[in-house]
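Structure first, commentary second.
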Amino acid sequence: MHKIVKIILVVLGVIGAILWFQLPSADVPVTEAINNGSMNFMFIITYLLLGIAIAASVLFGLVNLFTSKGALKKTLFGVGGLLVVFVISYALATGTDVSLEEMAKKGVPTTEGTVKTIGMGLNVFFILTIIAVGAMLWSGVKKMISK
């Protein structure tokens, strides 16, 4: 299986190199360069490889999740903690931080729900940042104390 993957990668690399040399030069008009077959095929290869990488990551992650004894429990705790952060963030967001009339005058139709959702996203970011910094500090202090 490993040899097959290596062969496929070499073939895709050679195809990519051939397509690279068939790309239009810099003096070709943009409208003509956009319709270049080589460029489109390179994008197709990129999307194909990205899809394969995503599928492999999800598949192997799920296999590891269900084959390890404590992995499912740890994952559920992590997802539950993230949900708690989302609920707390939504509760802290007011939705009245911005004047809706002023936004409408500027041509940005905004509702109170949209403002509250944006506030929730900012609160999630701030809370997770505080947790990450706290975890790094805790780890550093713990290492300093244990030595």
Using the rule given for side chain to side chain contact (heavy atoms under 4.5 Å, CB included), can you reason through M103 versus V115, listing the C-alpha separation, both sets of side-chain angles and the distance that settles it, and then say yes or no?
CA-CA 11 Å; M103 294 298 284; V115 174; over 6 Å; no
Summary of side-chain hydrogen bond (donor to acceptor under 3.5 Å, both in side chains) pairs that have at least one residue in residues 46-62, sequence neighbours excluded
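As it turns out, there is no side-chain hydrogen bond (donor to acceptor under 3.5 Å, both in side chains) pair with a partner in residues 46-62 once direct neighbours are skipped.
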Could you name each residue pair satisfying side-chain hydrogen bond (donor to acceptor under 3.5 Å, both in side chains) that touches residues 72-85, not counting sequence neighbours?
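Qualifying pairs: none.
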Do you reckon [X] sits in the same ILVMFWY cluster as [Y], going by side-chain contacts under 4.5 Å, direct or chained?
X	Y	answer
I7	L49	yes
V87	F77	no
L23	F21	yes
L122	I130	no
F60	L50	no

With sequence neighbours excluded, what pairs up with K105 under the salt bridge (Lys or Arg N to Asp or Glu O under 4.0 Å) test?
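E102.
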With E101, which residues qualify under salt bridge (Lys or Arg N to Asp or Glu O under 4.0 Å), at least two apart?
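For E101 there are no salt bridge (Lys or Arg N to Asp or Glu O under 4.0 Å) partners, ignoring immediate neighbours.
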Working to the nearest 0.5 angstrom, can you tell me the gap between M39 CE and W20 CH2?
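These two atoms lie 9.5 Å from each other.
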Can you tell me how far the OG atom of S89 sits from the CZ atom of F125, to the nearest 0.5 Å?
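If we round to the nearest 0.5 Å, S89:OG and F125:CZ are 12.0 Å apart.
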Partners meeting side chain to side chain donor-acceptor pair (under 3.5 Å) with [X] (sequence neighbours left out):
X	result
Q22	S38
S68	N64
T110	none
T117	none

Cluster partners of [X], using ILVMFWY side-chain heavy atoms under 4.5 angstrom, listed by chain and number?
X	value
L48	I52
L92	L82, V84, V85, F86, I88, Y90, M120, V124, I127, L128, I131
V79	L83

What pairs of donor and acceptor atoms, side-chain ones from residues 9-19 against any protein atom, are under 3.5 angstrom apart with sequence neighbours left out?
none

Shortest non-hydrogen contact from A93 toward G119
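Smallest heavy-atom distance, with atoms named: CB-C, 3.9 Å.
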